[in-house]
Number of protein chains: 2
Amino acid sequence: MPGRPHPARATSADVARLAGVSRATVSFVLNDTEPGRVSDATRARVRAAAEQLGYVSHAAARALRAGRSNLVLMPASQAAIGRLVSDWLDELQLALHEHGYTLVLHGGRGADPVEVARVWAEMRPAAVLAPVPGLTPAAVELLRTAGVRAVIATGGEPVPGAHTMIFRQDELGRLAAAHLIERGRRRLAVLMPGERGLDVFAAERLAGVRQAAGGPGAEVTPVPLRYDWDDALALARAWPGFDGVFAYNDEYALLLVRALQEVGLEVPGSVAVAGADDLLPARIARPALTSVRIEPGSADELAALVHRLVEEPAEPGVVGAVRMRLIVREST
Amino acid sequence: MPGRPHPARATSADVARLAGVSRATVSFVLNDTEPGRVSDATRARVRAAAEQLGYVSHAAARALRAGRSNLVLMPASQAAIGRLVSDWLDELQLALHEHGYTLVLHGGRGADPVEVARVWAEMRPAAVLAPVPGLTPAAVELLRTAGVRAVIATGGEPVPGAHTMIFRQDELGRLAAAHLIERGRRRLAVLMPGERGLDVFAAERLAGVRQAAGGPGAEVTPVPLRYDWDDALALARAWPGFDGVFAYNDEYALLLVRALQEVGLEVPGSVAVAGADDLLPARIARPALTSVRIEPGSADELAALVHRLVEEPAEPGVVGAVRMRLIVREST
DNA sequence: GTGAAAGCGCTAACAT
DNA sequence: ATGTTAGCGCTTTCAC
């Protein structure tokens, strides 16, 4: 072993030795379990010893002992959506921390869901929060078998074996499309991004648009678009005469609007465009963008739910629903 | 203990039993250590047994044994910057995975750096990658003491005790300001977001602007701005006659441009505005936004560096630099 | 080519 | 009020 440039990390045994107590006592003091069991004097001595040695507990050892870690896992893709979401994640992180959990985001976009679930399962997290497409039945099974107490999926339908936070992607499409149709649009396009596993969500949103269009007999066409100016411009140049667009989300919507303007098509005059997520750029765009706002619900409540499910596993079922609301602005 | 709704998680002992070998053999086979030590027949039997039992190794046990986990930790705030960054993080995740590491992002924005470092240290990660403001000397010390092999800071100056990827925030400001001055601007404003711990970066960027302004004698004023339309509008309404702005980043730049336009101030006619990050929205804005592009370097190389440092800890020092480049567009 | 066994750091049941 | 101890699942040295 190469020379240790730093003092060997202190263990609870070191703390015990320095404080002149047993390791058990150290554990009781530092974890505040069974309050009143250890005298105040001893507690003080233990804390002082821990402080002096710069003691930091070993999460892996605790996890091994407990059978699971205190990790709550989420796919990192979530964080990239925008400030609203990332602020909300901050709140969630804080709320979970107060329950003793550590929220971590893990990438693995596009990879085989089961492969990703395997990596997650190895960490023996207390809970996993993830959108449905990543949580295939095999992935859920893998996680449950590995002992993950709370597997919470967000998706349109209850997921067998997992708790489900209902999040109807199709509702996004339906809300936007119903509005476009009400505005008299009958030739609808639905933007279908191919990037980063968004295709699954896009397909569900498309289905929602189709539903809304069914009755009134509007025509619906899925249109692939990459998040790329040249691609957007090419689409706008060859615009097939759609008079209404549901653009997957605000980013794609703003990209398309800009491209349409570039080729002289008026928004909403010639083409009405609606997005989703209701980010600030949507609000300040010209024309201001109609969007479907997603209301993620209280981070505190979700943290409490996670804690409850971890403490006493319950029958899988629906644990809540994400609400959404159409914000009408100038672009439609 | 409440009833186990799921089969008890299989351990390597279970696999060994089913395959009729020892736990040692299981370990050798599944980790591919010492190839050629175990016969092909045995290997196949072990693999089959693992498969059949749905065996998933226990990261905590491995970490306990190894003295450290295979986690590489980064602050989650990074992911929220934009698609470019989050795509790059994906690459990094993949590259690290190939070296056997798991990249996880952890929040904890705004909290006491030492408190956050403590949570990180408990996970005994193999490496930590973080911007300087979070890595105070005390935080670095804590991590090193906990045995983290590679603490890689990104910041303007070498960080004592840590490896440093040089990332000159002030260079961003300097590049933008030099350009504004070259365009004849002499009354410069620097937008100072207060949110999410951005203030530290903002201060450094401001310092860069001041440097660039020193020689030519341009006047520099820091101007607080929240990421909020009303705040931006209020600023624009009371615009104190600045003729050039470095806007912290593209998001704030686009917000300000929009507010200036709202009150009838022309960009770049009356006010030239430059951002940073060079996101797609900057490119397609009207006027297209001048921005400083940040080039994060190769994810593969960074992953390899992490691996090298973990394998054989080296003297802390400078391990590379993030380059940046001014992209001139219409807004200046 | 394979097995036995020690030990990583922690917690909690049990003993004093 | 405090201490003893077993054992969580894994890797790896050493013995066969």
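Owing to the predicted nature of the structure, the values given are computational and were not obtained by experimental measurement. The chains referred to below are lettered A, B, ... by the order of the sequence lines, with proteins before strands, and numbering in each begins at 1.
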Separation of [X] atom [atom1] from [N] atom [atom2], in whole Å?
X         : N       : atom1 : atom2 : value
Arg124(A) : dC8(D)  : CZ    : C1'   : 11 Å
Arg23(A)  : dA1(D)  : CZ    : P     : 23 Å
Asn31(A)  : dA13(C) : CG    : C1'   : 16 Å
Arg9(B)   : dC8(D)  : CZ    : P     : 13 Å
Arg17(A)  : dG3(D)  : CZ    : C1'   : 15 Å
Arg62(A)  : dC8(D)  : CZ    : P     : 19 Å
Asp40(A)  : dT2(D)  : CG    : P     : 10 Å
Leu64(A)  : dG9(D)  : CG    : C1'   : 5 Å

From [options], nucleotide with atom closest to [X] side chain:
X        : options                 : value
Ser39(B) : dT2(D), dT2(C), dC10(C) : dT2(C)
Ser22(A) : dC10(C), dG9(D), dT4(D) : dT4(D)
Ala24(A) : dG9(C), dT12(D), dG3(D) : dG3(D)

(message) For Arg83(A), is there an ion pair with Asp90(A) - N to carboxylate O distance below 4.0 angstrom?
(response) no
(message) Closest-nucleotide mapping onto DNA chain C: is Ala61(B) or Phe28(B) further toward the 5' terminus? I mean the 5' end.
(response) Phe28(B)
(request) Can you sort out which residues in residues 52-59 of chain B have a heavy atom within less than 4.0 Å of DNA chain D? Ascending by number, please. (result) Tyr55(B), Ser57(B), His58(B)
Side-chain ([X]) to main-chain ([Y]) donor-acceptor, under 3.5 angstrom:
X         : Y         : answer
Arg9(A)   : Val56(A)  : no
Arg118(A) : Pro113(A) : no
Thr164(B) : Ile166(B) : no

(request) Could you pull out all residues at least two apart from Thr136(A) that satisfy side chain to side chain donor-acceptor pair (under 3.5 Å)? (result) none
(request) To the nearest 0.5 angstrom, please state how far the CZ atom of Arg68(A) sits from the CZ atom of Arg62(A). (result)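 Arg68(A) atom CZ to Arg62(A) atom CZ measures 11.5 Å (nearest 0.5 Å).
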(request) Would you give the length of the straight line joining atom CG of Leu64(B) to atom NE2 of His58(B), rounded to the nearest 0.5 angstrom? (result)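 Here the interatomic distance stands at 10.0 Å.
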(request) Return no unless some side-chain N or O of Thr25(A) is found under 4.0 Å from OP1 or OP2 of dG3(D). (result) yes
(message) Please tell me if Thr42(B) has a side-chain N or O lying less than 4.0 Å from either OP1 or OP2 of dT2(C).
(response) yes
(message) With hydrogens left out and only the distance checked, is there a donor-acceptor pair under 3.5 Å joining Arg37(B)'s side chain and the base of dT2(C)?
(response)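 Under the 3.5 Å cut-off, the side chain and the base do form a donor-acceptor pair.
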(message) Students often get this wrong, so: under 4.0 angstrom with heavy atoms, is Thr11(B) touching a base, only sugar-phosphate, or nothing?
(response)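 Sugar-phosphate contact only.
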